[in-house]
Asker: 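After the structure tokens below, expect a handful of questions from me.
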Number of protein chains: 2
Amino acid sequence: MKECDLIISAPWLLPIAPQNIALRDHAIAISHGEIIAVDTAESVLKNFKAQDVVELSHHILLPGLINAHGHAAMTLLRGAGEDQSLQSWLTDTIWPIEGRLMSREFVALGTELAIAEMLKSGTTTFSDMYFFPDTVAQTASAIGIRAQVAFPVIEIPSVWSDGVTDGLHKGLALFDEYRHHQLVSIAFGPHAAYTVKPENLQQVAMYANELDAQVQIHLHENAAEVADGHQQNGKTWIQLLHDVGLLSDNLQAVHMTHVTEADQQLIVDTHTKVVHCPTSNMKLASGYCDVSAWLDREVAVGLGTDGAASNNSLDLFRELRLAALMAKHQQQDPSRGAAAHMLHTATLGGAQVLSIADHTGSVEVGKQADVIAVSTAALDMLPLHDPFAALVHGDAGRHVTDVFVKGIPLLRNGKFNTIDTVTLAARVESWHSAHF
Amino acid sequence: MKECDLIISAPWLLPIAPQNIALRDHAIAISHGEIIAVDTAESVLKNFKAQDVVELSHHILLPGLINAHGHAAMTLLRGAGEDQSLQSWLTDTIWPIEGRLMSREFVALGTELAIAEMLKSGTTTFSDMYFFPDTVAQTASAIGIRAQVAFPVIEIPSVWSDGVTDGLHKGLALFDEYRHHQLVSIAFGPHAAYTVKPENLQQVAMYANELDAQVQIHLHENAAEVADGHQQNGKTWIQLLHDVGLLSDNLQAVHMTHVTEADQQLIVDTHTKVVHCPTSNMKLASGYCDVSAWLDREVAVGLGTDGAASNNSLDLFRELRLAALMAKHQQQDPSRGAAAHMLHTATLGGAQVLSIADHTGSVEVGKQADVIAVSTAALDMLPLHDPFAALVHGDAGRHVTDVFVKGIPLLRNGKFNTIDTVTLAARVESWHSAHF
């Protein structure tokens, strides 16, 4: 018998790769954070001797979800400024509050709250783009969740940076600091094509190319932005990004509504990746990111919650359901947005978008053990005709019981190991009552 | 001090009538199932002496939700036949399973499962339309939830009835039996305009008119149905229902997609009521029920989950969120689908649709005490900037702790009083493994 650290078994395992497969009574063996075997529970228990064996009786095991776009600390603004137009929401609510309250402490508290909510609902990797990215990186690392932290690059000075040059300077130092980190990677986060000058976008492209670093950008979020692009530049923002050298397999383009056929082809040809944020797009009435079209063209697609201020939840399972329903609705075809395809975007698709699919996003031998368990014992999950449907169309996020990142249990039986949630809740409530 | 049975207090109370009001630190006094006072907690505790006082520390109190359309027993088919076209879903999956397994026992078990799920997520009244309506009525009455049971009227013979005449005969007897019941009312449930002959629809209209009974019907569910109507009758199904005398303030029209301007006017003029089932419509790619247009014209609008086979959840809070997001998306206006308006459809709007608004749907003196409490203590509800947004856009259904129907506690602190959920889950699992 081979030794290992941990064995997890359950009645159902959805490895995601290969796609569309549901395995019965399987187990995973884990050693030094890595998956070393995926086989029937009987075989794994016969061939491996583990320090810890987690035998789950009513659960679906699957890779942890990957939240490919968000602004974690904005959990503190959850529910602030509802039902407003995008412009009034930003100028009358979000920006004034951020201007008044933004600080390193705001980001530390809001990010911890966000990570707790994400872990509890089965997310093991998140991407972030916000002020004080060094604090976000530290918080993620301390808790033990996997993260891509995109540092902001924007012309407008903020409490974190004086503008593009300062932002790039600080961001590059952060990039160096985390170059060999096991969980956290640093990416460039140019805010949008309309908030960073073309010459500065070009500089980002140059650096990213040199460092083989990832770049995440808000792109074609709504019709007004797209119309402005035409008016200001005589071309779309997508074409402008192509001109400055940003479209590539290192670019993660977030939102991507109102995209022409020609621009779709540019995305396909350059292997640019797409992040779909259905709730945020609907809540702000931004338009629709045509997931089915991207998947048909084999573009890598991930799912994101965006910030809690425009969602108001960071439960990626809820996003998954909405993405599936919207694909059917928009295509007027109930066979689109199939559960297995959607689940792929929330796991391996997200990993491909963040360029971490070599080590996470699926349950395969050789990958890191980023694994979650969803209980199907609750009445709202019964009977279990179809585990894919249960995860996508049931309210699976509320039934996540166990979360492992790199084989480390961050949530066991619904209890956090690395977050003191009682104190966290009290800190959030006292922050709120102090400021509102 | 006046005597009463029960006082419930909480930091937030949303009475729904008057609309858009959130009261701080209020309490409700209840006597013989009726709300006898709504005031500040201080005042209620000073003026009333109750046998039972429920003081909730982190909760929003509101009227119980009203699920205005569904097929409760179809919970047993949750997740069966996913991602299929409507026709293939019905003919290849649902109808064959129903044909093979439909029985009084199926309906009893599936309805109990559905009621448990609905209560747990804050629904205190549901409307049903399915085989063996007498069993549905008995099950609801035994558990103590409020229900409108629409007995099926359809040409096709089933295990419950031989056709329209037999269905009407059995349904009228049931109507008499429950005429004075405190929780359950019986309605006519002609399945659809295309599955009941015009002369039989006319007969339903005549009976309903004579008895002042409610009628619920699937109407304009999708484009194909609407096109067929034109082809078969040279007019829309809505016009046909008008011709046979069914459009009235006793009619509850479910789905209502693809409606022309002229037909909208007919609905307005006849005070016909509308039930919106956003998940089902999206999942089956049926089209969109334009809630904003109906509300602008002061048509009574309720929300429904439809059956779990096309949802797959009976949590009306999830429906509420989707309705809000879809209103914004379809109207391309983020100020539409405002949280307070949507919450109205899930409570008082639903009561208006079912014609029970004189005694439920809001927290007002003189109404029955159908009240629920949602905890806001969980991390995904923090901080609480806006209680309406927390209920509509947060995942409130998972945080329902207490449910009272007519002042009777059916759920207290998350525990059921009238359902043995352990046995229920075991019965559902053994049913499932026996048949699949």
Side-chain angles (χ1 to χ4, degrees), chain A residues 75-80 82-86 89 113 116-117 120-121 223 279 281-285 287-288 311-315 318 322 325-326 328-329 331-339 377 379-380 382-386 388-390 393-395 397-398 421 424-425 428-429 431-432 436, chain B residues 75-80 82-86 89 113 116-117 120-121 223 279 281-285 287-288 311-315 318 322 325-326 328-329 331-339 377 379-380 382-386 388-390 393-395 397-398 421 424-425 428-429 431-432 436:
Chain A
T75 43
L76 292 181
L77 307 182
R78 191 200 309 278
E82 294 286 313
D83 305 319
Q84 297 176 347
S85 75
L86 176 62
W89 178 70
L113 179 62
E117 186 184 349
K120 192 92 169 72
S121 50
T279 301
N281 293 159
M282 292 172 77
K283 191 142 189 262
L284 300 171
Y288 181 62
N311 189 308
N312 309 356
S313 159
L314 302 186
D315 177 347
R318 300 183 85 191
L322 193 57
L325 292 175
M326 280 299 277
K328 296 170 191 301
H329 174 70
Q331 302 286 327
Q332 300 178 40
D333 177 355
S335 71
R336 302 311 296 254
L379 294 173
D380 59 281
L382 291 180
L384 187 65
H385 284 278
D386 177 341
F388 287 100
H393 293 285
D395 199 1
R398 74 170 85 170
T421 52
L424 175 59
V428 171
E429 289 201 300
W431 173 88
H432 183 248
F436 290 89
Chain B
T75 43
L76 293 182
L77 307 183
R78 190 200 309 279
E82 294 287 311
D83 305 318
Q84 297 176 349
S85 75
L86 176 61
W89 178 70
L113 178 63
E117 185 183 349
K120 192 95 170 68
S121 50
T279 301
N281 292 161
M282 292 172 78
K283 191 143 190 262
L284 299 171
Y288 180 62
N311 189 308
N312 310 357
S313 160
L314 301 186
D315 177 347
R318 302 183 84 190
L322 192 57
L325 293 175
M326 279 299 277
K328 296 169 192 299
H329 173 71
Q331 302 286 326
Q332 300 177 40
D333 178 355
S335 72
R336 302 310 297 255
L379 295 173
D380 59 281
L382 291 180
L384 188 64
H385 284 279
D386 176 342
F388 287 101
H393 293 284
D395 199 1
R398 73 170 84 171
T421 51
L424 175 58
V428 171
E429 289 202 301
W431 174 86
H432 182 248
F436 291 90

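All heavy atoms count here, side chains included; hydrogens, waters and symmetry mates do not. Every chain is numbered from 1, with letters handed out A, B, ... down the list of sequences.
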Asker: Name the region of B/L113, side chain, backbone, both or neither, that has any atom closer than 4.5 Å to a heavy atom of chain A.
Answerer: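 Interface part for B/L113: side chain.
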
Asker: Return the minimal non-hydrogen interatomic distance between A/G337 and B/D83, and the atom names on each side.
Answerer: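 Scanning both residues completely, I find the closest heavy atoms to be O-OD1, 4.0 Å.
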
Asker: Of all of A/E117, A/K328, A/M326, which one pairs up most often with chain B through heavy atoms under 4.5 Å apart?
Answerer: A/K328

Asker: When heavy-atom pairs shorter than 4.5 Å are enumerated against chain A, which of B/S313, B/P383, B/G79 gives the highest number?
Answerer: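 Option with the greatest count: B/P383.
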
Asker: Counting only non-hydrogen atoms closer than 4.5 Å, does A/L382 touch chain B with its backbone (N, CA, C, O), its side chain (CB onward), both, or neither?
Answerer: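 Backbone plus side chain of A/L382, per the 4.5 Å heavy-atom cut-off to chain B.
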
Asker: What's the spacing between B/R78 CZ and A/H385 NE2 if we round to 0.5 Å?
Answerer: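 Between atom CZ of B/R78 and atom NE2 of A/H385 there are 9.0 Å.
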
Asker: So which part of A/S121 gets closer than 4.5 Å to some heavy atom of chain B, the side chain, the backbone, both or neither?
Answerer: neither

Asker: With sequence neighbours excluded, what pairs up with B/H393 under the side-chain hydrogen bond (donor to acceptor under 3.5 Å, both in side chains) test?
Answerer: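 In terms of side-chain hydrogen bond (donor to acceptor under 3.5 Å, both in side chains), with neighbours along the sequence ignored, B/H393 is linked to no residue.
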
Asker: Which answer fits B/L384, side chain, backbone, both or neither, if we ask what part of it has an atom under 4.5 Å from a heavy atom of chain A?
Answerer: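 B/L384 touches chain A through backbone heavy atoms alone.
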
Asker: Chain A heavy atoms under 4.5 Å from B/T75: which part of the residue, side chain, backbone, both or neither?
Answerer: backbone

Asker: Against chain A, label B/D395 side chain, backbone, both or neither, depending on which of its atoms sit under 4.5 Å from a heavy atom there.
Answerer: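 Both parts, backbone and side chain.
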
Asker: Could you state the interatomic distance from CG (A/N312) to CG (B/D386), rounded to the nearest 0.5 Å?
Answerer: 8.5 Å

Asker: Which value, rounded to the nearest 0.5 Å, describes the distance between B/L284 atom CG and A/D333 atom CG?
Answerer: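 That separation rounds to 11.5 Å.
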
Asker: Identify which part of A/A390 has an atom lying under 4.5 Å from any heavy atom of chain B, answering side chain, backbone, both or neither.
Answerer: neither

Asker: For B/K120, give me all partners under salt bridge (charged side-chain N to carboxylate O under 4.0 Å, His left out), at least two apart in sequence or on another chain.
Answerer: none

Asker: Among A/R318, A/E429, A/K283, A/Q84, which residue has the highest count of heavy-atom pairs closer than 4.5 Å to chain B?
Answerer: A/R318

Asker: Would you name the heavy atoms of B/W89 and B/A80 that are closest together and state the gap between them?
Answerer: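 Closest approach of B/W89 to B/A80: NE1-O, 3.7 Å.
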
Asker: For chain B, find which of A/R398, A/H432, A/H329, A/E82 contributes the most heavy-atom pairs closer than 4.5 angstrom.
Answerer: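 Highest number of heavy-atom pairs under 4.5 Å: A/R398.
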
Asker: Only pairs of heavy atoms separated by less than 4.5 Å count here; which of B/T279, B/D315, B/D380 has the most with chain A?
Answerer: B/D380

Asker: Which bit of A/N311 comes within less than 4.5 Å of chain B, counting heavy atoms only: side chain, backbone, both or neither?
Answerer: both

